[in-house]
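Report on the structure given below.
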2 protein chains.
Amino acid sequence: MGFPFDPTRPIYLQIMEEIKKRAVRGEIPPGGQIPSVRDLAKEMGVNPNTVARAYLELEREGFVFTKRGQGTYVTQDFARIEQERERLAESARQRFLKEIESLGLNEDQKAELLRKIEEDWS
Amino acid sequence: MGFPFDPTRPIYLQIMEEIKKRAVRGEIPPGGQIPSVRDLAKEMGVNPNTVARAYLELEREGFVFTKRGQGTYVTQDFARIEQERERLAESARQRFLKEIESLGLNEDQKAELLRKIEEDWS
DNA sequence: TATAGTGTACTATTTAGATAGTACAGTTCG
DNA sequence: CGAACTGTACTATCTAAATAGTACACTATA
């Protein structure tokens, strides 16, 4: 039990990211129901209030919607989910480039890094 | 003025990372003095106490040392700095791989990502 | 109709992070 | 010596995040 949270970042933000990833991976289909706040809280080992906050923010972003008394569901807009996948991939790429750039590596070191990534993906 | 901090992460951790990056880039040489807590606080627009905490943690890690009444200095151990560069690059790479993996991209999408990175580095 | 499962709205408490302000001891240098 | 720097050590206050507990309105279903 217990989700591997990064202790240096707010849990509710990490829950938001996890829900988005599950939808982007297709683990939850468009219009599909996400776990109830109580279930996910138990699954992740956190307080239900924290999950509720994550769902509230996700709804404000329009990524999920709620049916009162029934549950919370991922948006039915498939393009919205694809857009999220693209956005997450793009920000991961930019964050990586920025971090590497801040280290001032030389060409050889960058090439070596690239080689390792290719190795992982081949 | 004002350093571009990530509001979702503790400032003192980001200051620690910034000091390490400056040393890794060679901006501060081995044994070189880092800014005084008051100067860096002014430069970054934060409270001196926050910078002091970052320096304290950096000293616990052995990355810097202090001379009472004089200042704080980056370790003279060049290997220690190189090790830090390697560690930061490696963790950036792994974080990137993990993030991409969590999105469930297909081979084409991964190849496209790789192409963009190569483009940036060529 | 009762029961269980939804989201949601509270209050209260604790903790970590950040700020503000003050103070002090050690060092350097004019 | 004295002034201007260093790091460091306090106290106090504020805020965001997280927890715990309770409660309520809504919905589906046995």
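Naming convention: chains lettered A, B, ... in sequence-line order (proteins, then strands); numbering from 1 in each chain.
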B/K67 NZ to D/dT8 P: how many Å, rounded? 14 Å
Do you know which of B/E17, B/E84, B/E43 makes salt bridge (Lys or Arg N to Asp or Glu O under 4.0 Å) with B/R22? B/E43
Which pairs count as ring-ring contact (aromatic ring centres under 6.0 Å, His included) when at least one residue sits in residues 12-65 of chain B, sequence neighbours excluded? B/F65-B/Y73
Using a cutoff of under 3.5 Å, can you pull out all pairs of nitrogen or oxygen atoms linking the protein to nucleotides 28-30 of chain C, with atom names and distances?
residue: C/dT28; atom: OP1; partner: B/Q70; partner atom: NE2; Å: 2.4

For the pair made of CD in A/Q33 and C1' in C/dG5, what is the distance, rounded to whole Å? 10 Å
Measure the angle between the two terminal helix axes of the helix from C/dT1-D/dA30 to C/dG30-D/dC1, five base pairs each, and quote it to 10°. 10°
Contact between B/E101 and B/L97 at the side-chain level, heavy atoms closer than 4.5 Å - yes or no? no
Contact string for nucleotides 8-19 of chain C, one letter per nucleotide 5' to 3', B = base within protein heavy-atom range under 4.0 Å, S = sugar-phosphate only, - = neither, reads B-B------SSB
For B/K21, check salt bridge (Lys or Arg N to Asp or Glu O under 4.0 Å) against everything at least two apart and list the hits. none
Between B/I34 and B/F3, is there shared hydrophobic-cluster membership here, with clusters defined by ILVMFWY side-chain heavy atoms closer than 4.5 Å? yes
Which residue pairs pass the side-chain hydrogen bond (donor to acceptor under 3.5 Å, both in side chains) test with at least one member in residues 30-40 of chain B, sequence neighbours excluded? none
Taking the basic N atoms (NZ, or NE/NH1/NH2) and the acidic carboxylate oxygens, is any pair closer than 4.0 Å for A/R115 and A/E112? yes
Rounded to the Å, how far apart are A/Y73 OH and C/dG7 C1'? 11 Å
If you measure from the Lys or Arg side-chain nitrogens to the Asp or Glu carboxylate oxygens, is any gap between A/R87 and A/E90 under 4.0 Å? no
Is any side-chain heavy atom of A/K20 closer than 4.5 Å to a side-chain heavy atom of A/E61? yes
Just the rounded figure in Å: distance from P of D/dG7 to CD1 of B/I15. 13 Å
So B/E82 and B/R85, do their side chains get closer than 4.5 Å, heavy atoms only? yes
Answer yes or no: is there a donor N or O on one side and an acceptor on the other, between the side chain of A/E57 and the main chain of A/L13, under 3.5 Å? no
Given atom CG of B/L40 and atom P of D/dG7, what is their separation to the nearest angstrom? 10 Å
